[in-house]
Amino acid sequence: MEIIRDLDALARHPYPVTAIGNFDGVHLGHRAILNAAIDRARAAGGTAFALTFDPLPAKLLAPARAPRLILTPDDKLELLRLSGIDGVIVLNFTLELSLLPPRDFVREYLCRKIGVREVVEGQNFRFGHNRAGTPAVMVELGRELGFETDVVGPVKVDGIEVSSTKVREAIAVGDMHRAARLMGRYHFLAGPVVRGRERGRTIGFPTANLASETECLPPDGVYATRVILDDGVYPSITNVGMRPTFAESARSIEAHIFDFTRDIYGQRIKLELIERIRPEQKFATPEALKAQIAVDLSKAREILSAA
């Protein structure tokens with residue numbers, strides 16, 4: 001997959017079809033848009049691009065209200081690659097870009113720099129100054145400037161219209177099953193394994209301490225999880241929270257990988273969140289915590305065997 005960050009250096013491609021959006025989460029709604037672009041490009045012997053923005057526009061324009069990202073930029077690119085798209089155009093979103101009227105944005109970026117023949121977008125996508133560019137505006141601009149526009153309708157799962165907002169809402173309440181249904185995959189956290197206080201090791205449950213680069217975290221609690229390393233996927237159980245039994249003051253994400261003894265400090269891992277087992281709680285003694293962990297381990301194994 002080609003990654004393009006400098007549109008001025010973009011070579012001409014045959015019959016460019018461009019799916020445009022933020023694509024945070026690369027959920028089932030996004031995949032419907034991407035699949036439509038791929039299908040149209042293949043039918044015309046062309047090239048399917050995804051055009052996205054970095055940073056997310058809200059991060060620049062309204063940082064206090066900006067949502068927590070479901071994916072890191074690198075993880076988003078990886079999932080876009082797995083969608084089968086031919087290339088991803090990453091536009092640096094700046095204040096100057098935000099001030100462009102919809103027509104100027106389309107004419108300068110989509111037409112002049114990409115040479116787009118078809119644009120594919122979701123019905124909720126907005127572009128241009130003050131978000132004035134609606135799907136209807138894109139259709140009209142396409143007629144004027146010489147490209148076709150395909151507006152992909154909503155995807156619904158269990159009666160819920162799939163969106164990044166709905167995914168975030170599910171993660172925020174610890175409903176990992178609903179999040180997975182909306183995304184077509186389990187939500188994962190990604191980042192390096194760092195050294196912690198090694199509390200788990202002292203009670204017989206060594207853990208990998210994840211420094212999450214992923215912003216969209218679930219609520220504190222104990223989760224059945226899977227750790228994804230370069231060489232495979234490993235069942236695990238993870239505590240997210242403040243470790244109240246030990247009166248810790250900083251939130252941590254600690255994964256105990258079943259039957260695993262290797263040193264993975266410094267490695268970047270992905271931690272799939274399969275199901276929330278229980279909220280985090282304070283225990284009177286480390287021994288009481290250890291007894292509960294044994295119960296949690298049994299429950300996590302049961303969940304993971306059926307996942």
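Atom set for the values below is all heavy atoms of this structure, side chains included, hydrogens, waters and symmetry mates excluded.
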With a 3.5 Å distance limit and no angle check, can you tell me whether Asp263 reaches the backbone of Tyr265 through a side-chain donor-acceptor pair?
yes
Can you name the one residue among Leu297, Thr238, Val227, Asp296 that meets side chain to side chain contact (heavy atoms under 4.5 Å, CB included) with His256?
Leu297
Under 3.5 Å, is there a donor-acceptor pair between the side chain of Thr47 and the main chain of Pro14?
yes
CG-CG distance between Asp104 and Leu97, expressed to the nearest 0.5 angstrom
11.0 Å
Could you tell me whether a side-chain N or O of Ser236 sits under 3.5 Å from a main-chain N or O of Ala255, the two making a donor and an acceptor?
no
From SG (Cys216) to CG (Leu189), nearest 0.5 Å:
8.5 Å
How far does CG of Asn239 sit from CZ of Arg251, to the nearest 0.5 angstrom?
10.5 Å
Any heavy-atom pair between the side chains of Val17 and Val116 that's under 4.5 Å?
no
Taking Ser298 for the side chain and Val295 for the main chain, is one N or O donor matched with an acceptor at less than 3.5 Å?
no
Could you go through Leu217 and Ile253, starting from their C-alpha distance and side-chain angles, then the distance that decides it, and tell me whether this counts as side-chain contact (heavy atoms from CB on, under 4.5 Å)?
CA-CA 10 Å; Leu217 302 179; Ile253 302 168; 4.2 Å; yes
Quick check: is Ile70 connected to Val240 through a chain of hydrophobic side chains (ILVMFWY, heavy atoms under 4.5 Å apart)?
yes
Verdict with reasoning, Arg40 to Glu118, per salt bridge (charged side-chain N to carboxylate O under 4.0 Å, His left out):
CA-CA 8 Å; Arg40 285 176 170 267; Glu118 297 189 38; 2.6 Å; yes
I want to check a possible cation-pi pair here: Arg226 against Tyr234, using under 6.0 Å from ring centre and within 45° of the ring axis as the test.
no
Consider only side-chain N and O atoms of Arg278 and Tyr223, and report whether a donor and an acceptor are under 3.5 Å apart.
no
Chi angles and distances behind the salt bridge (charged side-chain N to carboxylate O under 4.0 Å, His left out) call for Arg143, Glu148:
CA-CA 7 Å; Arg143 289 172 181 158; Glu148 294 185 30; over 6 Å; no
Do any N or O atoms from the side chain of Thr214 and from the backbone of Ala190 form a donor-acceptor pair under 3.5 angstrom?
yes
Can you tell me if Arg42 has over 12 outside heavy atoms packed within less than 6.0 Å of its CZ?
yes
CG-CZ distance between Asp175 and Arg276, expressed to the nearest 0.5 angstrom
10.5 Å
When rounded to the nearest 0.5 angstrom, what is the spacing between CG in Leu110 and CG in Leu145?
9.5 Å
side-chain contact (heavy atoms from CB on, under 4.5 Å) for Val106 and Arg103? Distances and angles first, verdict last.
CA-CA 5 Å; Val106 169; Arg103 188 177 188 280; 6.0 Å; no
Do Leu7 and Phe23 sit in one hydrophobic cluster, given that two such residues count as connected whenever their side-chain heavy atoms are within less than 4.5 Å of each other, even indirectly?
no
Before you tell me yes or no, could you show the steps for Asp54 and Asn92 under side-chain contact (heavy atoms from CB on, under 4.5 Å), namely the whole-Å CA-CA distance, both residues' side-chain angles and the distance that decides it to 0.1 Å?
CA-CA 5 Å; Asp54 186 28; Asn92 180 25; 5.9 Å; no
Is the closest basic N to carboxylate O distance between Asp6 and Lys113 below 4.0 Å?
no
May I ask you to decide if Leu71's main-chain N or O and Asp24's side chain share a donor-acceptor pair within less than 3.5 Å?
yes
Go through Asp231 and Arg262 one step at a time and tell me if the salt bridge (charged side-chain N to carboxylate O under 4.0 Å, His left out) criterion holds.
CA-CA 12 Å; Asp231 65 347; Arg262 283 164 38 201; 3.0 Å; yes
Answer yes if Val151 and Leu51 sit in the same cluster of Ile, Leu, Val, Met, Phe, Trp and Tyr residues linked by side chain heavy atoms under 4.5 Å apart, and no otherwise.
no
Using only atom types and a distance under 3.5 Å, with no angle test, would you say the side chain of Thr52 pairs donor to acceptor with the backbone of Asn22?
yes
Determine, step by step, whether Glu275 and Tyr186 satisfy the side-chain contact (heavy atoms from CB on, under 4.5 Å) criterion, reporting the C-alpha distance in whole Å, the side-chain angles of both residues, the deciding distance to 0.1 Å, and the verdict.
CA-CA 9 Å; Glu275 184 176 318; Tyr186 288 107; over 6 Å; no
Count the heavy atoms of every other residue, nucleotide or ligand shown that sit under 6.0 Å from NZ of Lys270, and state whether that count exceeds 12.
yes
Have His187 and Glu272 got a donor and an acceptor in their side chains that come within less than 3.5 Å?
no
Could you grab the distance from atom CZ of Arg131 to atom OG of Ser98, nearest 0.5 Å is fine?
12.5 Å
Below 4.0 angstrom, N of the basic side chain to O of the carboxylate: do Glu78 and Arg81 qualify?
yes
I'd like to know if the side chain of Asn130 reaches the main chain of Ala132, judged simply by a donor and an acceptor atom lying under 3.5 Å from each other, with no hydrogens or angles considered.
no
Decide whether Ile293 and Ile303 are clustered together by the hydrophobic rule: side chain heavy atoms of Ile, Leu, Val, Met, Phe, Trp, Tyr closer than 4.5 Å, transitively.
yes
I'd like to check Pro67 versus Thr165 (side-chain heavy atoms, cut-off strictly below 4.5 Å). Are they in contact?
no
Closer than 3.5 angstrom, by distance alone: can the side chain of Asn209 be matched with the main-chain N or O of Glu254 as a donor-acceptor pair?
no
Membership question, hydrophobic clusters at under 4.5 Å side-chain separation (ILVMFWY): are Ile33 and Leu91 in the same one?
no
Tell me whether the centres of the aromatic rings in Phe105 and His129 are closer together than 6.0 Å.
no
So Glu215 and Arg68, salt bridge (charged side-chain N to carboxylate O under 4.0 Å, His left out) or not? Walk me through it.
CA-CA 5 Å; Glu215 294 180 357; Arg68 293 185 178 275; 5.6 Å; no
Salt-bridge criterion met for Arg178 and Glu169 (N-O under 4.0 Å):
no
Please answer whether the main-chain N or O of His27 pairs with a side-chain N or O of Arg185 as donor and acceptor at a distance below 3.5 Å.
no
